[in-house]
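Residue numbering restarts at 1 for every chain, and letters A, B, ... go by the order of the sequence lines. Values in this document were obtained by computation on a predicted structure and should not be read as measured data.
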Amino acid sequence: QDRATLVADSLQIAGDSQLVADGSVEVFFQGRRLTASRIVYDQKAGTLKIDGPIRLTDETGETVILASQADLSADMTEGLLTSARVVLNQQLQIAAAEARRIGGRYLQLDNAVASSCRVCAGSDIPLWEIRARRVTHDQTERQIYFDHAQLRFGGVPVLYIPRLRLPDPTLKRASGFLLPTFTSSTLLGTGISLPYFLTLGPSRDLTITPFASNAEVRNVTLRYRQAFATGEITVTGAAAQDDIDGKSKLRGYVFADGSFALPHDYRLTFRGEAVSDPSYLSDYDIREADRLTSSVAVSRVSQQELVYGTLRNIDTLRSADVGSSIPTLLADALWQHRFAAMGGNGNLRFASHGHLRSSTSQADANGDGIPDGRDVARASISADWRRDWVLPHGLLGAVMGEASLDFYDVAQDPVYAGSIPRVWGAVGAELRWPLVKTERGGGRQVLEPVLQIVAAPNSSKAVPNEDSTLVEFDEASLFSLNRFPGSDAVETGLHANIGVNWTRYDPDGWSMGATVGRVLRAEDGNGFSDASGLGGMASDWLAALHVQSAGGLYAAGRIIADDSLDVARGEMQLEYSNKGASFSSGYIWSIADVTEARTDDISELVMAAGYNLTDSWRAKVSGRYDFAAEEASRADLGLTFRNECVLLDLSLSRRFTTSTTVQPGTKFGLTLELIGFGGSDGAGPARMCRR
Amino acid sequence: CGFTPAYAPGAGGDRLRGRVAVQAPDSRNEFAFAGRLSARLGQASTAEYTLTYSLRVERVSGGISPANDITRYTLKGEATYTLTENATGTRAAGGTVRNFTSWSATGSTVAGVTAEEAAAERLMTILADDIVARLIAEAP
Amino acid sequence: QQIEFKGLQQDSSLPVEVAADSLAVDQTSGLATFDGNVVVVQGDMTIKAGNARVEYAADGTGIAKLYFSGRVTFAGGTEAAQADEAVYTVAAGEVVMTGDVLLTQGSTTIAGQKMVYDLQKGTGKMEGRVQTSFTPKSAAEKKAPKATPTPGAAP
C-alpha cells in the first residue's frame, strides 16, 4: 500500500493514537499534496482534521482546492471543506461556502460561483460568472455540472439554465455543444450556427453545425473525421435549403480528403470536391475557389527516385467556361531516376499524360482556340545530364544536355488528329564565377556572374500546345534549357542566358539579394508570349530583389521590363511583424495576353494589417483592390477582445465580385467565448487591477 | 575591389564542394529541392558535413478577376537549413531563406495544373540557390 | 496497521540496572560515568548508548538522572527511539532526546531534531521540521472495516 508522508514544524504524539502536526504542515500521498497550518491525524478513525489556510493539489496539478478548514479521510479522497475555492487549470475558479469531496473523484460545491475572470480587490463583480445552487466537478470525466445555473454579465443575470454541463478546462475531447456563432449577411440573413461535436470512439468524430436564419435559410454542415493506423480521412459537407436567387431549392457541397501510408514507402492521397451549383461556395463564404479538383494520387519519394501516378477530375465554376469543352479528366504518371554517369549526374524520366474533354465536337464553339472535343494522350522518355569542373581562378565550368522523345496521340482535332512522334534535344555550356568578399565590419557579399550558351535544333513535328501556354520568367527559368512549363512546347534555337546574382549578409542579421538577367537569341520566333517577357531576339530584363531582416521584415519583388522600362509583369510581396503589429501586402501586375487567354491586364493589390490597440483589443483590416477594374474585390474588418476569461470576435467582410453565378455579399459575424471551459483557446493577458 | 573567387583553392566554396551530404527528401517538393542542393554542392564523395532542412510552402491567390475567377497564384516558400559538421556535431551554419514564384491560372485546366507544378519546382530551385549562396558566404 | 503509542510507556519507579565496559566514579561530585556498550534496563525498557553519566539522588536513594551520549537508543515493545543525546529524569519519567531523533513504531517512523517523551503517559512531542510517514486507511476501507481487528501491542 502507498505510504503518506507528513512534514511539520512539530509533531505531538497524543495518547489514543492521535498525531497532532503543527506549523507549515505538508502531506504527500499518491501525488496529492496538502499544505495547512495544523493537522490532527486520528489513526483509529483514519481522519484528518485540518486547519487552514489549506491548499490541496491533485496528482495532475490541474485541480487546486483552497479552503479555510477541512475534515478529510486520511487518503484525502473524502471529506468536507469549508469556504472552499477550486481552481481548475489555473483558469476556472469555483467558490462556495462548503465543498464536499466524494470518492476522490467528485467535488460538490453548494451555492457556488464559477468564473475565470480576475476579481479585483475593489469591485468583486467579475466580467461574467455562473452562479448555481450546486456545482459538481467530476475529476475523472473532467465535466462540470451546474444545477439551477444563472449566467451573469457584470453582475446582471442574463440567462437561467436549470441543468448545465460544461467540460472543465483540461478536457480536450468530449461530445457536447461548441460555441455558437451569430452572423448576419445580405445573402443569408441574420442567424445563428450552433455546432455539436460528437466523439465516435477514440479515432472518429462528427461535428454537426446547423444554421438557421430569419431569411428562410436552413443549412447544416457535417464534418466527419476518422484516423486509421496507416492514415486518416476528413469529409466536410453541407446541405442547404434557401431561396437566395428567388426560388427555394436544395443546395450543398462535399469536400473529402485523406492520406494513407502504403507498403514499400508508397503514399496514397485523395481529395474530392463537389458542389451543387457554382455560386454555393461564395454565397456561403466557404472558400475562394473557381475550379474544383478531385484527385487520387499514389507517390513514393526516395533519395534517387521519384514515382507518382495522379488521376484528376476538374469541375470549373468560372462563369465564362463551358464545362464540356475544357479538359475535365487528367491523368499523369512519372518515374524519375537520378543517376551519376561520365563524371556528371543526371535524370532519366518515363512520363505519360492524358486529358479528356467530354465534348466530341471538332469545332471551336467556345473560341478558346482549341477544338471543343480535343483529347490528347502523351508518352515521353526524357533525360538530362550535367557535369561541372572547377577551372583556374575559381571559375565553375559546366556542360549539360537535355533530350526528350514524345509520342502524342491527339483525337477530335481537325489539324492534329492522329499520332505524332516528336524528338527534341538541347545542349549547353555554362560558366559561373562565384566571388566572395568579407567586409571589415563582418558583412559578407557574394557576387556570381553566370553565362550560359544553349543550342537546340528546331523540333521535327508541331504538337498542339496546351500545357505550356503559361510561361514564367524568374531566377530559376533564366538558366533552364527549356523554359516551357509542360511538354507540348519546347524551346529551340541558339541563345545565351546572361545573369548576375548578388547577395549581402549583414552582421546585424539582415540580408539582401538581387538577380538581374536577360536572354539573347540568334533568331526570333520562339513562341514565347508577350506577357512572359521572353519573346523577341532579346528578352525583357529580369530584375529580382529580396530583403530579410532579423527584426521581422521580409520583402521580395520581381519585375520583367523591356529596354524602355515597359513592365510586362511585376510582383511585390511585403511582410512586417513585431510584437504589437503585423502588416502584409502583395501587388501583381501582368499585361493582357491572348496566349494566356486573358484579355485584361491584371493589376491587383492585396493588403492585410493587424494592430494591438491595447493588451486585450486587437484590430484587423484586410482587402483586395483591382486597379484594372477600378474596384475593390474584397474588404474585411475584424475586432477581437481577449482577456483571461472572455474572447469576443467581431468581423465584417464584403465581397464585391459579381458574375452570372456569383453575387456580391456583406457578412457580419460575432463569436463570444467564455474562456475556461473545454480545451478552449489560450487565455489572453489578465486584467490589471488598478489600485 | 575586395572580391575573391569562392572556388579558388582553400576558399569557402572549394572547402564545401563534394563534402556536403543533403538530407533525403520526403515529398515531391523536397525531391526537387534536395536534387538542386546536391547538384550545386557537388555529389558528396566524402561527407564531412550534413545539410538538414525543413520546407514550408503556401499557395495564395494573387489575382481575382471581377467575375471571381482566380487569374494569378503566388507560391510563398520558406526553407530553414542547418549545416552540421559530422565529426564534431557542431552547427557550422544555418538560417532561413524565403522567396516566391507565381503563375497565371487563366486558360485551360491542363495549363493551370502544369504551371502550378512548374512554379513549385522553380521555387525549390530558387530557395536552394539562395542557401548555396549563403553557404558559400558563411563557409566554415 | 495501527500506530500504538503504548510501547514506550513505562513505570519509571522500577529498579534500574546499568552494565558497561568500564565505570569511573568521581567522589567529589558523586557522578558515575559508564563507558563503552552501556546497557540500562528498567522493566521492559532497555537503553543502549555509547556512554552514560549517572547522577545519584542527593538523599542517596538511587539514580536521579541519566545523561546518555553517542547515539542512544530507547527500545520497548514495538517502539524504539534513537537520538544523538538523551537525558532521562527517572523520578518524573521524562526523557528529552536531541539530535536526529528517530521514533519508530512498527512500520511508522517519525524523524525530528528534538523530542520530549513522558514515559508514564506514553505521550511525546517532537519538534524541528518533523517528518513522518504512515499508511492511511483508504476511505473505502474505513467504511468496511477489516474482518479481524488489529491486535493491540500489549505493554
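- Residue B/A32 touches chain A through its backbone alone, counting heavy-atom pairs closer than 4.5 Å.
- The residue among A/T503, A/L317, A/T515, A/D388 with the most heavy atom pairs within less than 4.5 Å of chain B is A/D388.
- For the residue pair A/R267/B/S27, the side-chain donor-acceptor check at 3.5 Å is not satisfied.
- Only the side chain of A/R312 comes within less than 4.5 Å of a heavy atom in chain B; its backbone stays farther off.
- No donor-acceptor pair closer than 3.5 Å links the side chain of A/R318 to the backbone N or O of B/N68.
- The candidate from A/R444, A/R655, A/R386, A/H393 with the greatest count of non-hydrogen atom pairs under 4.5 Å with chain B is A/R444.
- Inter-residue side-chain proximity for B/R122 and A/D474 is flagged as met; some heavy-atom pair is nearer than 4.5 Å.
- Your options are A/H546, A/H353, A/Q304, and the one with the most heavy-atom pairs under 4.5 Å with chain B is A/H546.
- The shortest side-chain heavy-atom distance between B/T4 and A/K437 does not fall under the 4.5 Å cut-off.
- The only option from A/I588, A/L470, A/V471 that meets the side chain to side chain contact (heavy atoms under 4.5 Å, CB included) definition with B/S104 turns out to be A/L470.
- Counting heavy-atom pairs under 4.5 Å between each of A/A544, A/S302, A/G586 and chain B puts A/S302 at the top.
- Contact of the B/N99 side chain with the A/R558 side chain is registered, since non-hydrogen atoms from C-beta on lie closer than 4.5 Å.
- Neither side chain, B/T114 nor A/D467, offers a donor N or O lying under 3.5 Å from an acceptor on the other.
- The shortest side-chain heavy-atom distance between B/F31 and A/R338 falls under the 4.5 Å cut-off.
- Using a 4.5 Å heavy-atom cutoff, the side chains of A/E575 and B/R98 are in contact.
- Applying side chain to side chain contact (heavy atoms under 4.5 Å, CB included) to B/P66 and the options A/T657, A/D626, A/D600 leaves one that passes, A/D626.
- For the pair B/R134 and A/Y505, the NZ or CZ position fails the cation-pi test of under 6.0 Å to the six-membered ring centre and within 45 degrees of the ring normal.
- When heavy atoms are compared at a cutoff of 4.5 Å, A/E305 approaches chain B solely by way of its backbone atoms N, CA, C and O.
- Of the listed residues (A/P485, A/P434, A/A597, A/S659), the one with the most heavy-atom contacts under 4.5 Å to chain B is A/P434.
- Of the atoms belonging to B/D14, not a single heavy atom falls under 4.5 Å from chain A.
- Side chains of B/Y7 and A/R432 form no contact here, defined as non-hydrogen atoms less than 4.5 Å apart.
- Side-chain N/O atoms of B/T74 and A/E571 include a donor and acceptor closer than 3.5 Å.
- Side chain of A/R291 to backbone of B/G112: no donor-acceptor contact under 3.5 angstrom is found.
- Remark: the backbone N or O of A/R598 is not paired with any side-chain donor or acceptor of B/T106 at under 3.5 angstrom.
- Only the side chain of A/E631 comes within contact range of chain B, with heavy atoms under 4.5 Å apart.
- Using a 4.5 Å cut-off between heavy atoms, A/Q548 contacts chain B through its side chain alone, with no backbone atom that close.
- By the side chain to side chain contact (heavy atoms under 4.5 Å, CB included) test, A/I370 is found to be paired with A/R357, A/D368, A/R374, A/E466, residues two or more places apart in sequence or in another chain being considered.
- Here the side chains of A/I314 and B/V113 are in contact, with some heavy-atom distance below 4.5 Å.
- Your options are A/G486, A/P327, A/A556, and the one with the most heavy-atom pairs under 4.5 Å with chain B is A/P327.
- Proximity of B/V110 to A/L330: side-chain heavy atoms (C-beta onward) are separated by under 4.5 Å at one or more points.
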Report task. Give the intermediate values and the outcome of side chain to side chain contact (heavy atoms under 4.5 Å, CB included) for residues A/I602 and B/T71. Result -> CA-CA 8 Å; A/I602 299 176; B/T71 53; 3.5 Å; yes

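- The part of A/Y308 that comes within reach of chain B is its side chain, from C-beta onward, which places non-hydrogen atoms under 4.5 angstrom from that chain.
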